[in-house]
Amino acid sequence: MKILITGGAGFIGSHLAEKLLQKKNQVFVFDDLSTGSRGNIRPFIKNKRFFFKKGSILNIKELAPFVKKADQIYHLAAAVGVKHIIENPLKTLLTNIEGTKNVLELAAKSKTPILITSSSEVYGKNSSLPFKETADRTYGSVYSERWGYALSKSVDECLALAYWKKQRLPAVVVRLFNTVGPRQTGRYGMVIPTFIAQAKENKPITVYGTGTQMRCFSHVEDIIKAMIKLMNASKARGEIINLGSTESISMMDLARKIKKMTQSTSRIVKIPYKKAYSSTFEDMQKRIPDLKKAHALIGYKPTYALDNIIRSMM
Ligand code: UDP
């Protein structure tokens, strides 16, 4: 098949591209290289079934020919990284909302099956765990840029469902929880690559806030395999599906674990949120996915334990 991956030079997109190439597809990556990089696609750039185009999903003219020739589309191009989105609120909103609308509108013309990547950020600070796909979304003030990002991903989901309902565009939405693995950079704020880099250099490991906040991390390999299965599952069309892991850890324990595993002499230091992000920043205390729907649809079960995930990134 001819498969288009928007954002295919990003962390998750490049793993997906690699897997789809292994499965003998032709893979077209469309990426503006804002947070993605040529380094991510270097391992397979010489593959004859791989094509790369630097371009923005905000440019319909550039994007249209790639959507037109695709048999399937994975839409991953988006503003990512909490730190990054807080520093770039306008670009975040435009890329996520207008960009996704462009991709969906073009895909709808040819009814090309499309998978939209959303985020567990959509749940906001809802505190009733685990999060089921039908759960309420709870957001704070508009002055806190993080909620603008959460809102933009919610709009993407609403758009995907609306195109499915009104135009029968075969669209599936995945809500990704914290996804990590090799090639992920800490440059845009993600915690595990940041902690590993700090620990390896014996520099202070920066735990934000109290460090009691909890997250569940999944390995990118588990996530991309699930994405491919969901793209090809007709029952997943018009559905929103959580993908992640339910093994949770506090950020303080994560810092201790990474320090130990890397045999680092780093100090672990606490940084107030307002210094790390901004004065209006709000964090979510805990985030755990309900994975029943993914399990029922494709038998999804994460296979990597946290220690193995960290080891794969060291
Ligand atoms: N975090 C941290 N130190 C860092 C980077 C992040 O303590 O250097 C915390 C962050 O405040 C959050 C958690 O780690 O509570 C996960 O952050 P990340 O940006 O990886 O993903 P999020 O779950 O916030 O989307």
Side-chain angles (χ1 to χ4, degrees), residues 10-12 35 78-88 92 96 117-127 129-131 137-140 144-154 174-181 183-201 203-220 223 242-259 262 264 266-289 306 309-310 313:
F11 157 59
I12 300 175
T35 54
V80 290
V82 176
K83 204 166 213 138
H84 182 71
I85 57 115
I86 287 172
E87 284 162 10
N88 301 284
T92 296
N96 290 4
T117 44
S118 183
S119 162
S120 57
E121 285 278 325
V122 160
Y123 294 105
K125 50 183 176 175
N126 181 336
S127 58
L129 296 159
F131 295 146
R137 294 162 298 134
T138 311
Y139 297 162
S144 177
E145 289 87 0
R146 177 173 212 164
W147 306 127
Y149 170 71
L151 191 64
S152 73
K153 296 307 269 189
S154 299
V174 294
R175 268 187 202 153
L176 304 184
F177 284 66
N178 297 62
T179 302
V180 297
R183 293 207 285 264
Q184 188 176 36
T185 164
R187 204 175 305 139
Y188 309 109
M190 282 74 166
V191 67
I192 293 190
T194 304
F195 282 3
I196 291 176
Q198 290 168 336
K200 281 168 95 173
E201 292 175 29
K203 288 187 174 158
I205 301 178
T206 54
V207 170
Y208 296 163
T210 59
T212 54
Q213 71 272 31
M214 317 268 292
R215 293 291 187 276
C216 305
F217 297 94
S218 50
H219 195 277
V220 65
I223 297 298
N242 287 336
L243 289 179
S245 148
T246 52
E247 181 187 355
S248 74
I249 186 168
S250 75
M251 293 309 101
M252 185 52 83
D253 285 348
L254 179 69
R256 291 194 188 111
K257 187 188 267 294
I258 289 175
K259 177 176 167 167
T262 52
S264 167
S266 292
R267 286 181 306 127
I268 297 175
V269 296
K270 284 192 202 163
I271 312 266
Y273 284 125
K274 63 173 185 295
K275 209 170 152 203
Y277 298 107
S278 76
S279 58
T280 56
F281 182 79
E282 284 182 280
D283 205 2
M284 30 297 253
Q285 200 47 35
K286 217 168 177 183
R287 202 145 74 174
I288 303 176
L306 181 58
I309 293 177
I310 295 170
M313 296 169 71

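Note that ligands are numbered from 1 as they come in the structure, with each ligand's atoms numbered from 1 the same way.
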Quiz item: Any donor-acceptor pair under 3.5 Å linking the side chain of Gln184 with the backbone of Thr179?
Solution: yes
Quiz prompt | Heavy-atom closest pair, residues Met214 and Ser248 | solution = CE-OG, 3.4 Å
Practice problem: Answer yes if the side chains of Tyr123 and Arg175 hold a donor-acceptor pair under 3.5 Å, and no otherwise. | Solution: yes
Self-check item: Donor-acceptor contact below 3.5 Å, side chain Asp253 vs main chain Ile249
Solution: no
Quiz item: List by chain and number: which residues place a heavy atom under 4.0 Å from ligand 1?
Solution: Val82, Glu121, Arg146, Asn178, Gly189, Met190, Val191, Thr194, Phe195, Thr206, Val207, Tyr208, Gln213, Arg215, Met251, Tyr273, Tyr277, Asp283, Arg287
Quiz item: Taking the six-membered ring for Trp, are the ring centroids of Phe217 and Phe177 within less than 6.0 Å of each other?
Solution: no
Practice problem: Determine the minimum heavy-atom distance between Ala255 and Ile205, stating which atoms define it. | Solution: CB-CG2, 3.8 Å
